[in-house]
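Worksheet for the structure shown next.
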Amino acid sequence: MSTRPGSQAEPVGGDPMPVDRSTVDPALADAMRALLGPIARLALAQGVPCGAVEEMLKEAFVDEALKAQPVQAPSRMVSRLSVATGLNRREVTRLTRQQRAVRPVRPSPASELFTRWMTDSTWSDAPGSPKPLPRVPRVEGEPSFESLAQSVTRDVHPRSLLDEMCRLGIARFDEATDTVSLMSNAFVPSDAQASMLGFLGDNVGDHLAAAVSNVLASEPPHFEQAVFADELSGQSVTAVRQFVLTQWKGLMHAAVPLLEGLIEDDRKAGRPQDRRLRIGLYSYATDIAPSSSPDQTESKK
C-alpha cells in the first residue's frame with residue numbers, strides 16, 4: 001500500500017490507523033484524562049456504551065476540524081479532514097453527510113423567570129430573597145406571579161409556567177391563599193433529568209470552551225480562575241459552601257440588572273446583538289488522593 005505526502009493512509013477495511021500514544025505530550029495526556037474521566041463516569045452511570053461515546057467523539061473531531069479548515073474546494077476537504085483527525089476518508093465522508101441540528105444555548109423560560117424573581121427588586125426584598133407573590137394581582141399594579149411571568153415571555157401562559165415551576169420543585173403554589181413561593185436558592189430541577197443534563201452541557205461546555213481557548217490563544221480571551229485549598233475538614237468545606245452560595249447571590253443580583261441594561265443599550269444603539277455570555281461560579285470538594293510512599297513507588301518499578 002502506497003501513500004502520498006500529505007495524505008492519510010487508508011487501511012484495509014476502512015478502520016482508523018493505530019495511534020502511537022507515546023507521541024502525545026505527557027502534560028496534555030494528563031489533562032485529557034482528567035477531562036475524559038468525568039465523561040466516562042457520566043456515560044457509565046447512564047448506560048451509554050463506549051461505542052456511542054466514540055461516535056460522538058468522531059463527530060466532534062470532524063466538526064471542529066471543519067471549523068479550523070480554510071475555505072477551499074470541497075473536493076479536497078475530505079482529505080484535509082482525514083489528515084487532521086486521523087479518521088479515514090470513508091468515515092469523514094459519512095460523518096460530514098450526517099445532519100446534526102445545533103442545540104440552541106439559551107435559558108428556558110422557567111430559568112429566566114427564576115433568575116428575575118431572585119434578582120429584580122420588584123419581586124424580591126433583597127439579593128436572593130424572593131417575595132411570595134399572589135398568583136394574579138389583587139390590586140392594579142401589584143407585583144404578582146402573572147406579571148413576573150409576562151415580563152419574561154408572552155409566548156407561554158403564566159399558568160403553564162407556574163405548573164412547570166411546581167413540577168420541577170422550584171416553586172410552590174398555595175391554593176388556599178392563591179400565592180406562589182420560590183422554594184430553592186438555585187435553579188436545580190428536582191426531577192427533570194433532561195433539564196439537568198442540559199445544564200451540564202451548557203455550563204460545563206462553556207467553561208471548558210473558555211479554558212481551552214485560553215490555552216490555545218497567545219492572549220487568553222476569557223476570565224477563568226480558581227482557588228485551590230487542601231487539608232480541610234468536612235465542617236470547613238460546609239462553611240466554604242455557604243460562603244460560595246452567599247457570593248453567588250451577590251454576583252447574580254449585581255450581574256443580571258447590568259446585563260439587562262447592556263442588552264437594552266445595544267438595542268437602542270442599533271449595535272449587532274450577535275454575542276452571548278455566560279458568567280459562572282463553582283466549587284468542588286472531594287477526598288485528598290493518597291500519595292504513594294517511597295516504598296510503594298519503588299515496588300511498582
Run the salt bridge (Lys or Arg N to Asp or Glu O under 4.0 Å) test against [X] and tell me which residues pass, sequence neighbours left out.
X: R154; answer: none
X: E64; answer: K67
X: E264; answer: R267
X: E260; answer: R116

To the nearest 0.5 Å, what is the distance between [atom1] ([X]) and [atom2] ([Y])?
X: T93; Y: R97; atom1: OG1; atom2: CZ; answer: 5.5 Å
X: E112; Y: S151; atom1: CD; atom2: OG; answer: 9.5 Å
X: T153; Y: L161; atom1: OG1; atom2: CG; answer: 7.0 Å
X: H222; Y: D206; atom1: NE2; atom2: CG; answer: 9.0 Å
X: R172; Y: L162; atom1: CZ; atom2: CG; answer: 12.0 Å
X: K131; Y: D120; atom1: NZ; atom2: CG; answer: 9.0 Å

Using atom types as modelled and distance alone, determine if a side-chain donor or acceptor of [X] lies under 3.5 Å from a backbone N or O of [Y].
X: T115; Y: S111; value: yes
X: Q69; Y: L81; value: no
X: S124; Y: S129; value: no
X: S82; Y: V78; value: no
X: S79; Y: R76; value: no

Using the side chain to side chain donor-acceptor pair (under 3.5 Å) criterion, which residues pair with [X]? Sequence neighbours excluded.
X: E59; answer: none
X: N214; answer: none
X: T85; answer: none

Would you tabulate the side-chain donor-acceptor contacts of residues 236-247 under 3.5 Å, counting partners in other chains and residues two or more places apart, or write 'none'?
{"residue": "S236", "atom": "OG", "partner": "S233", "partner atom": "OG", "Å": "3.1"}
{"residue": "T238", "atom": "OG1", "partner": "G234", "partner atom": "O", "Å": "3.1"}
{"residue": "T246", "atom": "OG1", "partner": "Q242", "partner atom": "O", "Å": "3.0"}

Evaluate D163 against R167 for salt bridge (charged side-chain N to carboxylate O under 4.0 Å, His left out), listing each step before the verdict.
CA-CA 6 Å; D163 291 343; R167 185 187 72 82; over 6 Å; no
For [X] and [Y], which heavy atoms make the closest approach, and how far apart are they?
X: P221; Y: S213; result: CD-O, 4.0 Å
X: M183; Y: G169; result: CB-O, 4.0 Å
X: P109; Y: V156; result: CG-CG2, 4.5 Å
X: W117; Y: W123; result: CD1-O, 3.2 Å

Could you work out the complete set of other residues in the hydrophobic cluster of L36, with links drawn between I, L, V, M, F, W and Y side chains under 4.5 Å apart?
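Result for L36 is I39.
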Is L258 isolated, or which residues cluster with it under the ILVMFWY side-chain rule of less than 4.5 Å, directly or via members?
L262
Quick one: does M118's side chain get under 4.5 Å of V256's, heavy atoms only?
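Sidechains of V256 and M118: no contact.
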Are M56 and F61 side-chain neighbours, meaning at least one heavy-atom pair lies under 4.5 Å?
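SC-SC contact between M56 and F61 ruled out.
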Under the ring pair (Phe, Tyr, Trp, His ring centres under 6.0 Å) test, residues paired with H157 that sit two or more places apart:
none
For Y284, enumerate each residue passing the ring pair (Phe, Tyr, Trp, His ring centres under 6.0 Å) test, keeping only those at least two apart in sequence or located in another chain.
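Ring pair (Phe, Tyr, Trp, His ring centres under 6.0 Å) list for Y284, sorted by chain: empty.
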For atom CZ of R138, is the number of surrounding heavy atoms from other residues, nucleotides or ligands below 6.0 Å larger than 12?
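Buried by this count: over 12 neighbours within 6.0 Å.
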Tell me whether R271 at atom CZ has more than 12 heavy atoms from other residues, nucleotides or ligands lying less than 6.0 Å away.
yes
With K58 as reference, evaluate L87, D63, V92 under the side chain to side chain contact (heavy atoms under 4.5 Å, CB included) test and give the passing residue.
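Per the side chain to side chain contact (heavy atoms under 4.5 Å, CB included) rule, the option paired with K58 is L87, out of L87, D63, V92.
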